[in-house]
Amino acid sequence: ISMGIKRVLIVSFDGLRPDAIPAAPMTNVLALMETSAYSLTAHTISYAVTLPSHASMLSGMCLAKHGVDWNQFVLFRGYSKGTDLFDLTHAAGLRSVMIVGKDKLRQLAEPETTDVFEVHGTEASIGKAAVAQIPNGFDLMFVHFPSADDRGHKYGWMSNAQFKALREGDAALGQILAALDQNGLRATTLVIVTADHGGHDRTHDGTLIQDINIPWIASGPGIIPMQLTTQVQTMDTAATTAYALELPIPSEWDGVPVYEAFGLPIGERKEVV
């Protein structure tokens with residue numbers, strides 16, 4: 001494939017329900033969607049909490065395979081099992097960056113597989129840290145904005161407080177995209193914007209579809225702007241990234257590339273555990 005993709009930026013808004021994008025409103029995400037293949041009914045895993053969901057997003061595997069069934073920083077539990085996206089980039093000699101808002105996300109990838117790993121406390125500081133990495137160049141960057149989840153638990157999903165957090169993250173995303181432009185990288189970067197889970201009331205216990213539904217938005221070289229008909233799963237983020245970077249997709253992965261986004265026939269999905 002020579003789609004012209006040279007790097008991938010994955011941005012995860014913790015706790016982002018798809019219907020919060022226009023409600024907040026997240027103006028940079030809405031603008032990105034105009035040039036994107038997107039789904040507003042993508043699904044996370046049934047155990048819809050931060051660490052296990054992100055492990056599926058970045059490992060391409062269901063929880064039974066990656067084994068991350070805890071949701072706080074528990075160092076003795078180790079790291080996501082099997083071959084994850086960062087194992088693939090590391091093996092290929094590619095440069096990877098993780099800028100996150102929760103220290104437990106360290107357990108998504110072994111330290112030796114990430115060239116840069118930083119934890120920052122606010123959307124603005126996360127955005128600033130990501131922007132600072134762009135002139136150094138990267139092949140894979142994962143950026144995680146935490147505050148919508150924190151405010152959702154405190155004030156409720158779809159509350160004004162949560163919308164404010166989403167706008168802060170959206171503004172930081174705008175700065176990251178602007179920095180890609182300024183460094184002449186935007187035209188060769190695949191940008192995927194998604195979430196680990198949604199939520200309702202002050203929880204995301206998996207009892208409602210609002211907890212499971214997540215946005216999945218892809219923009220960049222070779223992407224056909226459209227609303228996807230594919231039922232996108234969070235594991236497909238890893239598979240689509242590997243496909244875009246021309247990395248081998250491990251046979252144990254449950255995720256498949258979202259081929260429809262590239263105008264290609266929809267791939268067969270193995271039975272998801």
Exercise. Which atom pair, heavy atoms only, marks the closest approach of Leu88 to Ala242?
Worked result: CD1-CB, 4.1 Å
Exercise. Do NZ/NE/NH1/NH2 and the carboxylate oxygens of Lys128 and Glu123 come within less than 4.0 Å?
Worked result: no
For this session: Please name the pair of heavy atoms, one in Ile223 and one in Ala218, separated by the smallest distance, quoted to 0.1 Å.
Result: CG2-O, 3.3 Å
Problem set entry | Arg95 side chain to Gly137 backbone, donor-acceptor under 3.5 Å | yes
For this session: Check the hydrophobic clustering (I, L, V, M, F, W, Y; side-chain heavy atoms under 4.5 Å; chains of links allowed) and say if Leu140 and Tyr243 are grouped together.
Result: yes
Exercise. ring-ring contact (aromatic ring centres under 6.0 Å, His included): which pairs involve residues 112-142, sequence neighbours left out?
Worked result: His54-Phe142
Exercise. Are the side chain of Ser56 and the backbone N or O of Met61 linked by a donor-acceptor pair below 3.5 Å?
Worked result: yes
Exercise. Linking I/L/V/M/F/W/Y whenever their side-chain heavy atoms sit closer than 4.5 Å, directly or via other members, would Met226 and Ile5 fall into one cluster?
Worked result: yes
Exercise. Taking only residues two or more places apart in sequence or in another chain, which ones pass side-chain hydrogen bond (donor to acceptor under 3.5 Å, both in side chains) with Thr113?
Worked result: none
Exercise. Does a donor on one side chain sit under 3.5 Å from an acceptor on the other, for Thr114 and Arg106?
Worked result: yes
For this session: Verify side-chain contact (heavy atoms from CB on, under 4.5 Å) between Gln133 and Met141, making sure each step is shown before the conclusion.
Result: CA-CA 9 Å; Gln133 288 300 325; Met141 185 185 293; 3.8 Å; yes
Exercise. If only atom types and distance count, is the side chain of Asn213 paired as donor or acceptor with the main-chain N or O of Gln210 below 3.5 Å?
Worked result: no
For this session: Would you mind listing the cluster partners of Ile212? Hydrophobic ones only (ILVMFWY), side-chain contacts under 4.5 Å, chaining allowed.
Result: Ile209
Exercise. Is there a donor-acceptor pair closer than 3.5 Å between any side-chain N or O of Ser53 and the backbone N or O of Thr50?
Worked result: no
Exercise. Backbone N or O of Ile214 within a donor-acceptor pair of the Arg17 side chain at under 3.5 Å?
Worked result: no
Exercise. Taking the side chain from Trp253 and the backbone from Asp84, do they hold a donor-acceptor pair closer than 3.5 Å?
Worked result: no
Seminar exercise, completed: When rounded to the nearest 0.5 Å, the distance separating CG of Leu58 from OG1 of Thr241 is 8.0 Å
For this session: Mark yes when over 12 heavy atoms from residues, nucleotides or ligands other than Lys104 sit less than 6.0 Å from its NZ; otherwise mark no.
Result: yes
Problem set entry | Worked verdict on Leu105 versus Asp103 for side-chain contact (heavy atoms from CB on, under 4.5 Å) | CA-CA 5 Å; Leu105 269 59; Asp103 60 358; over 6 Å; no
Problem set entry | Counterpart residues, side chain to side chain contact (heavy atoms under 4.5 Å, CB included), relative to Asp201 (two or more places apart) | none
Exercise. If you group Ile, Leu, Val, Met, Phe, Trp and Tyr whenever their side-chain heavy atoms sit less than 4.5 Å apart, what else falls in with Ile266?
Worked result: none
Problem set entry | Sole residue of Leu9, Thr189, Asn183 in side chain to side chain contact (heavy atoms under 4.5 Å, CB included) with Ile134 | Asn183
For this session: Could you check Thr237, Thr41, Thr194, Asp236 and say which one makes a side chain to side chain donor-acceptor pair (under 3.5 Å) with Trp216?
Result: Thr237
For this session: Check whether Val29 and Ile192 end up in the same hydrophobic cluster, where Ile, Leu, Val, Met, Phe, Trp and Tyr are linked by side-chain heavy atoms less than 4.5 Å apart.
Result: no
For this session: Not counting sequence neighbours, list each pair that qualifies as a ring-ring contact (aromatic ring centres under 6.0 Å, His included) and has a residue in residues 177-209.
Result: His153-His204, Trp157-His204, His197-His204
Exercise. Hey, what do you get for CD1 (Ile176) to CG (Asn28), rounding to the nearest 0.5 Å?
Worked result: 10.0 Å
Problem set entry | Inter- and intrachain pairs under ring-ring contact (aromatic ring centres under 6.0 Å, His included), touching residues 60-107, at least two apart | none
For this session: Using modelled atom types only, decide if a donor and an acceptor are shared between the side chain of Gln162 and the backbone of Arg151 within a distance under 3.5 Å.
Result: no
Exercise. Has the side chain of Gln107 got a donor or acceptor atom that lies under 3.5 Å from a matching backbone atom of Gly78?
Worked result: yes
Seminar exercise, completed: The reported gap from CD in Glu252 to CD1 in Ile249 (rounded to nearest 0.5 angstrom) is 11.5 Å
Exercise. Among the clusters formed by ILVMFWY side chains lying less than 4.5 Å apart, do Val100 and Val11 turn up in the same one?
Worked result: no
Problem set entry | Residues Arg77 and Asp69 bridged, charged N to O under 4.0 Å | yes
For this session: Locate the shortest heavy-atom distance separating Ala129 from Glu118; write the atom from each residue and the value.
Result: CB-OE1, 3.6 Å
Problem set entry | Lys/Arg N to Asp/Glu carboxylate O, Arg186 vs Asp181, below 4.0 Å | yes
For this session: Indicate whether any N or O donor in one side chain lies under 3.5 Å from an N or O acceptor in the other, for Ser147 and Glu168.
Result: no
Exercise. Hydrophobic cluster mates of Leu208, side-chain heavy atoms under 4.5 angstrom, ILVMFWY only, any path?
Worked result: none
Exercise. Quick one: side-chain hydrogen bond (donor to acceptor under 3.5 Å, both in side chains) partners of Thr35, sequence neighbours excluded?
Worked result: Ser219
Exercise. For the hydrophobic clusters of this structure (ILVMFWY residues joined by side-chain heavy atoms under 4.5 Å, transitively), does one cluster hold both Ile10 and Met98?
Worked result: yes
Problem set entry | From CG (Asp139) to CG (Leu245), nearest 0.5 Å | 7.0 Å
Seminar exercise, completed: Besides Tyr155, the hydrophobic cluster formed by Ile, Leu, Val, Met, Phe, Trp and Tyr side chains linked at under 4.5 Å, directly or via other members, contains none
For this session: Go through the steps for Asp19 and Leu40 under the test side-chain contact (heavy atoms from CB on, under 4.5 Å), then give the verdict.
Result: CA-CA 8 Å; Asp19 53 353; Leu40 299 177; over 6 Å; no
Exercise. For Gln227, what residues pass the side chain to side chain contact (heavy atoms under 4.5 Å, CB included) criterion, not counting sequence neighbours?
Worked result: Tyr38
Problem set entry | Spacing of Leu16 atom CG and Asp149 atom CG [to the nearest 0.5 Å] | 11.0 Å
For this session: Examine the side chains of Arg7 and Thr188 and answer whether a donor and an acceptor come within less than 3.5 Å of each other.
Result: yes
Exercise. Say you draw a straight line from CD1 of Ile21 to CZ of Phe163; how long is it, rounded to the nearest 0.5 Å?
Worked result: 11.5 Å
Exercise. Below 4.0 angstrom, N of the basic side chain to O of the carboxylate: do Lys102 and Asp14 qualify?
Worked result: yes
For this session: Using the test side-chain hydrogen bond (donor to acceptor under 3.5 Å, both in side chains), find all partners of Ser96 that sit at least two apart in sequence or belong to another chain.
Result: none
